[in-house]
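These figures come from a predicted structure and were not determined experimentally. Only heavy atoms go into these numbers, but all of them, side chains included; no hydrogens, no water, no symmetry mates.
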Amino acid sequence: MHEFSTAQAILDSILNSALSYPVERILQVNLEIGEFTLLNYSQLKFAFKTLSAGTIAEGAKIIIKTIQGIIKCRKCGYEGQKEVKGENHILISF
């Protein structure tokens, strides 16, 4: 379950950034997450809530915006939003 390690990395980043400012409490965290990450948002929010207990981020509202991924077909060269152009095409996210 990589949601906990992702939540820990997010929390670490937030807390480290907060050291540069006179922050007493973090009220909201805005995240942009690519659609191909395979993260479960409910589990990510739960992990963040659990890991942030006792920190200045405890109780922070988590807002997640999903960013559409880009795919590329090695066969036809299509590059863009996910779209299958035939069963022989291989789509890769990057």
Side-chain angles (χ1 to χ4, degrees):
M1 178 154 68
H2 65 289
E3 284 78 7
F4 265 88
S5 61
T6 301
Q8 185 66 62
I10 292 166
L11 181 61
D12 290 345
S13 178
I14 291 167
L15 296 178
N16 285 333
S17 294
L19 294 174
S20 301
Y21 303 95
V23 176
E24 293 182 20
R25 188 154 183 251
I26 296 168
L27 302 175
Q28 182 170 307
V29 176
N30 297 307
L31 302 172
E32 292 184 349
I33 300 176
E35 70 176 313
F36 300 134
T37 62
L38 302 179
L39 286 170
N40 179 298
Y41 293 171
S42 294
Q43 291 177 4
L44 181 64
K45 288 179 179 184
F46 173 78
F48 186 87
K49 179 181 178 182
T50 301
L51 294 167
S52 66
T55 72
I56 61 172
E58 182 174 7
K61 183 177 180 179
I62 308 294
I63 306 294
I64 299 175
K65 177 182 176 184
T66 302
I67 304 298
Q68 284 190 322
I70 302 295
I71 57 173
K72 183 174 184 178
C73 178
R74 291 181 182 174
K75 190 168 185 173
C76 73
Y78 171 81
E79 187 172 329
Q81 295 179 352
K82 62 185 175 214
E83 178 181 327
V84 178
K85 290 190 167 189
E87 61 185 65
N88 293 327
H89 290 255
I90 299 170
L91 302 175
I92 298 178
S93 63
F94 61 99

Asks: Taking all atoms of both residues into account, what is the closest heavy-atom pair of Glu3 and Ala47, and its distance?
Replies: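 Shortest heavy-atom separation between Glu3 and Ala47 comes out as O-CB, 4.0 Å.
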Asks: Would you name the heavy atoms of Val23 and Ala18 that are closest together and state the gap between them?
Replies: CG2-O, 4.0 Å
Asks: Can you tell me if CD on Gln28 sees more than 12 non-hydrogen neighbours from other groups inside 6.0 Å?
Replies: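 Above 12, so yes.
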Asks: Apply side-chain contact (heavy atoms from CB on, under 4.5 Å) to residues Ile33 and Thr6 and explain how you reach the verdict.
Replies: CA-CA 11 Å; Ile33 300 176; Thr6 301; over 6 Å; no
Asks: Would Ile64 end up clustered with Phe48 when hydrophobic side chains under 4.5 Å apart are linked, directly or stepwise?
Replies: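 Same cluster.
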Asks: Just verifying a value: how many Å separate Leu15 CG and Gln8 CD, rounded to the nearest 0.5 Å?
Replies: 8.5 Å
Asks: Return yes if some donor-acceptor pair links the side-chain N/O of Ser13 with the main-chain N/O of Ala9 below 3.5 Å, else return no.
Replies: no
Asks: Membership question, hydrophobic clusters at under 4.5 Å side-chain separation (ILVMFWY): are Tyr21 and Leu11 in the same one?
Replies: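 Yes, it is one cluster - the side chains of Leu11 and Tyr21 are joined through contacts under 4.5 Å.
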Asks: Within a strict 4.5 Å, meaning less than it, do heavy atoms of the His2 and Thr37 side chains meet?
Replies: no
Asks: Between Glu32 and Ile67 (side chain of the first, backbone of the second, donor and acceptor by atom type, cut-off under 3.5 Å), is there such a pair?
Replies: no
Asks: CD1/Ile26 to CD1/Ile14 distance, rounded to the nearest 0.5 angstrom?
Replies: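 Interatomic distance, Ile26 CD1 to Ile14 CD1, rounded to 0.5 Å: 5.5 Å.
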Asks: Enumerate the side-chain hydrogen bond (donor to acceptor under 3.5 Å, both in side chains) contacts for residues 54-67, please, sequence neighbours excluded, ordered by first and then second residue.
Replies: Tyr41-Thr66
Asks: Using 0.5 Å steps for rounding, measure from the CD1 atom of Ile62 to the OG atom of Ser52.
Replies: 7.0 Å
